[in-house]
Amino acid sequence: MSNMRSIARWLPFITWGRTINSQTLRGDLFAGLTGAVLVLPQGVAYALIAGMPPEYGLYTAIIPAMVAALFGSSSHLITGPAAPMSIVVMSVASGITDPGNSDLYINTVLTITLLSGLIQLALGILRLGSVVNFISHTVILGFTSGAAILIATSQLKHLTDLPVAAGLSFPEEIRTITFHLSQANTYALIIGIATLISALVIKKLLPRWPNLLIAMLLGSGLCWLIDGQGHGVNMIGALSGSLPAFALPDVSLYEFSQLASGALAIAMLGLLEAVSIARAIALRSNQRIDGNQEFIGQGLANMVGGLFSCFAGSGSFTRSGANFDAGARTPLAAIFTAFMITLVLVSLPDLTGYLPLPAMAGAIILIAWNLIDIKSIIPIFRFSSETAIFIVTLLATLFIELEFAIYLGVLISLVAYLKRTSRPSIINVAPTQNEPKRIIRNIQRYNLQECPQIKILRIDGSLFFGAIDHIQSVLQQSTAAGGPTLKYIIINAKGINFIDLAGIEFLAQESSRLEKRGIQLVICSLKGTIIDEIRAKGFLDKLGPQRIFDTAHQAISYCVPRLDQQVCKECSKKIFTECPR
């Protein structure tokens with residue numbers, strides 16, 4: 001049994017291959033055709049975003065798609081070229097070499113792809129699938145929104161047919177286009193805007209139709225009607241007509257080390273995108289997704305892709321969703337799509353020769369707009385910390401190198417998380433009064449009275465080294481507020497999930513400090529797992545086991561008989577059932 005599980009882990013296609021029958025074949029074949037229609041325009045568009053020749057986008061829709069289908073865990077995830085990945089590839093590679101130097105630039109991109117695949121595969125083999133959890137959804141939204149703006153901006157030069165130098169920063173590109181806008185080619189603008197509007201109208205009226213493909217065909221027809229090529233409109237040019245060839249990237253160790261940081265960012269972005277999409281589709285298909293297996297599938301896809309003329313790819317939400325909606329039953333649908341794209345690449349290489357660059361630019365601008373998830377962004381602005389993370393990541397994406405924008409977003413997310421966890425909620429609580437059954441509740445919320453000799457504080461959060469300063473400050477304020485009659489502070493630890501060594505030392509030191517002032521520290525409602533861990537490590541004596549109680553009522557029953565009875569006689573609050581009547 002264990003051998004079969006091991007085989008299923010390394011060769012998952014054996015498992016789903018046994019489920020193939022005439023019904024699944026029919027569904028997968030139709031879904032494969034749908035995927036091919038969708039990826040044809042997208043593959044060419046994403047190749048241009050990545051600074052690669054158009055056929056490389058189709059290569060990326062063939063090789064990685066097949067490998068990820070064979071070795072991933074999702075039945076519906078379609079791997080291949082993706083807009084956010086393409087813009088990051090362009091950013092990382094252009095930092096090493098000029099995209100105008102085609103051979104060297106292509107070699108650099110293939111090296112980045114191979115290296116990112118190696119990182120992804122290593123994370124999958126080491127079963128570190130949880131590592132993507134450190135990239136929050138807000139960081140991805142901020143990065144994707146910034147990448148969408150950069151993608152749209154990068155296409156303005158093609159939309160206007162203006163001579164804009166490669167490698168300009170976002171503000172420089174905007175400034176250059178704005179300054180030379182009067183020199184824009186009117187024919188190029190008409191073709192690009194007509195393509196964009198056509199795509200929007202078709203999507204609105206006929207949502208199930210391939211709007212980008214039809215819009216680009218209409219743009220090509222309009223270009224022919226107005227003789228755009230005769231008026232200086234640039235065409236994409238024909239594909240090479242050749243299949244992706246095997247080649248080992250040729251870079252020096254120095255360049256390899258330069259690319260490592262960018263490759264890591266690409267690897268992490270690609271994994272997060274792929275796993276998120278796979279899980280989203282799995283919610284609809286009731287399939288269980290193995291994150292580590294998906295890491296292995298994505299890693300192998302990019303590794304093999306880097307050796308066969310592909311740039312780094314990831315899961316595509318549009319194509320994966322369409323794959324599921326079209327009736328795909330197994331990953332064979334992705335393989336059918338790859339074979340259909342191969343047929344187009346070999347038999348119709350001149351297809352893109354009739355495609356105007358402004359028409360492609362209009363389609364890419366629409367793709368960029370679709371990357372901005374307005375519905376998910378709006379709720380972010382209701383949380384101040386999330387708003388800061390989103391805005392900083394967005395601005396970093398626009399104004400610094402893209403891979404560092406991801407790192408910065410992750411860093412800010414971790415800082416915000418640590419800030420929240422280092423300030424756990426500490427609430428004054430007391431038993432409900434004038435009721436037969438006394439329940440410990442929030443004093444302010446339930447307008448409860450407090451005992452002048454006992455203060456009960458509930459800590460909601462982990463008691464670790466980062467939270468000690470905040471908890472100590474609140475305890476000292478509570479001690480001062482309790483006045484001279486205060487005899488006991490009960491810490492209700494019901495909400496504490498974790499205590500480290502620094503937290504134990506802090507409680508012991510605070511107990512000693514309070515005792516010098518005539519106040520005893522009592523702890524109740526510690527989770528059993530925490531007590532077991534403290535006992536196993538030999539730290540229970542530091543806390544004083546005689547002052548640790550299972551429940552708040554046990555702690556109260558311990559404290560009340562030891563109070564100053566004179567103060568109790570003069571007190572009319574009668575907060576506890578143990579109070580003298």
Side-chain angles (χ1 to χ4, degrees), residues 39 42-68 71-72 77-97 99 105-124 132 135 140 143-144 147 150-151 244 247-249 251 255-256 258-277 294-317 319 338 371 401-403 405-407:
V39 80
Q42 288 185 355
V44 175
Y46 296 154
L48 295 179
I49 294 172
M52 299 288 279
E55 61 266 25
Y56 282 74
L58 299 185
Y59 294 163
T60 308
I62 296 171
I63 303 296
M66 289 195 294
V67 175
F71 293 96
L77 179 69
I78 300 295
T79 298
M85 296 288 286
S86 299
I87 191 70
V88 181
V89 167
M90 171 69 168
S91 174
V92 175
S94 60
I96 305 297
T97 183
Y105 180 81
I106 290 171
N107 189 64
T108 303
V109 169
L110 299 185
T111 305
I112 294 169
T113 302
L114 177 61
L115 189 54
S116 64
L118 282 168
I119 294 169
Q120 292 172 329
L121 180 61
L123 291 173
V132 296
I135 306 179
I140 293 301
F143 172 79
T144 306
L150 289 177
I151 290 168
L248 286 170
V251 290
E255 290 172 326
F256 201 78
Q258 278 188 305
L259 296 173
S261 173
L264 176 61
I266 290 170
M268 297 303 293
L269 177 64
L271 289 175
L272 184 69
E273 198 168 349
V275 173
S276 299
I277 294 167
E294 211 55 60
F295 276 32
I296 291 172
Q298 293 297 311
L300 287 172
N302 281 316
M303 276 181 61
V304 177
L307 298 173
F308 284 91
S309 306
C310 305
F311 55 86
S314 182
S316 165
F317 191 82
R319 299 196 299 275
L371 287 175
E401 293 183 29
L402 288 183
E403 65 270 28
I406 297 173
Y407 297 145

Exercise: identify the closest heavy-atom pair between A50 and V89: CB-CG1, 4.5 Å
N/O donor-acceptor pair under 3.5 Å between S91 side chain and I87 backbone: no
Approximate separation, where rounding is to 0.5 Å, of C310 SG and I62 CD1: 8.0 Å
Flag, side chain of T144 to backbone of L371, donor-acceptor distance under 3.5 Å: no
From CG (L307) to CG (L114), nearest 0.5 Å: 5.0 Å
For the student: nearest non-hydrogen atoms of A47 and Y56, plus distance: CB-C, 4.5 Å
Where L115 and A260 come nearest, the two heavy atoms and their spacing: CD2-CA, 3.7 Å
Side chain N302, main chain P64, donor-acceptor under 3.5 Å: no
Taking every non-hydrogen atom, the tightest pair across F308 and Y59: O-CB, 4.5 Å
Steps toward side-chain contact (heavy atoms from CB on, under 4.5 Å) verdict (M90, I49): CA-CA 7 Å; M90 171 69 168; I49 294 172; 5.6 Å; no
Nearest atoms (heavy-atom pairs only) where A68 meets T79: CB-OG1, 3.3 Å
Exercise: identify the closest heavy-atom pair between Y46 and A82: CD1-N, 3.7 Å
Stepwise side-chain contact (heavy atoms from CB on, under 4.5 Å) test for E294 and L77: CA-CA 10 Å; E294 211 55 60; L77 179 69; 3.4 Å; yes
Main-chain N/O of A263 paired with S116 side-chain donor or acceptor, under 3.5 Å: no
Short side-chain to backbone donor-acceptor contact, Y407 and S261, under 3.5 Å: yes
T113 side-chain N/O to G306 backbone N/O, donor-acceptor pair under 3.5 Å: no
Residue pair Q42 / P81, side-chain heavy-atom distance below 4.5 Å: no
Gap separating the CG atom of L272 from the CD1 atom of I277, nearest 0.5 angstrom: 9.5 Å
Gap between atom CG of L248 and atom OG1 of T111 - 0.5 Å precision: 10.0 Å
4.5 Å side-chain heavy-atom contact, I106 and P53: yes
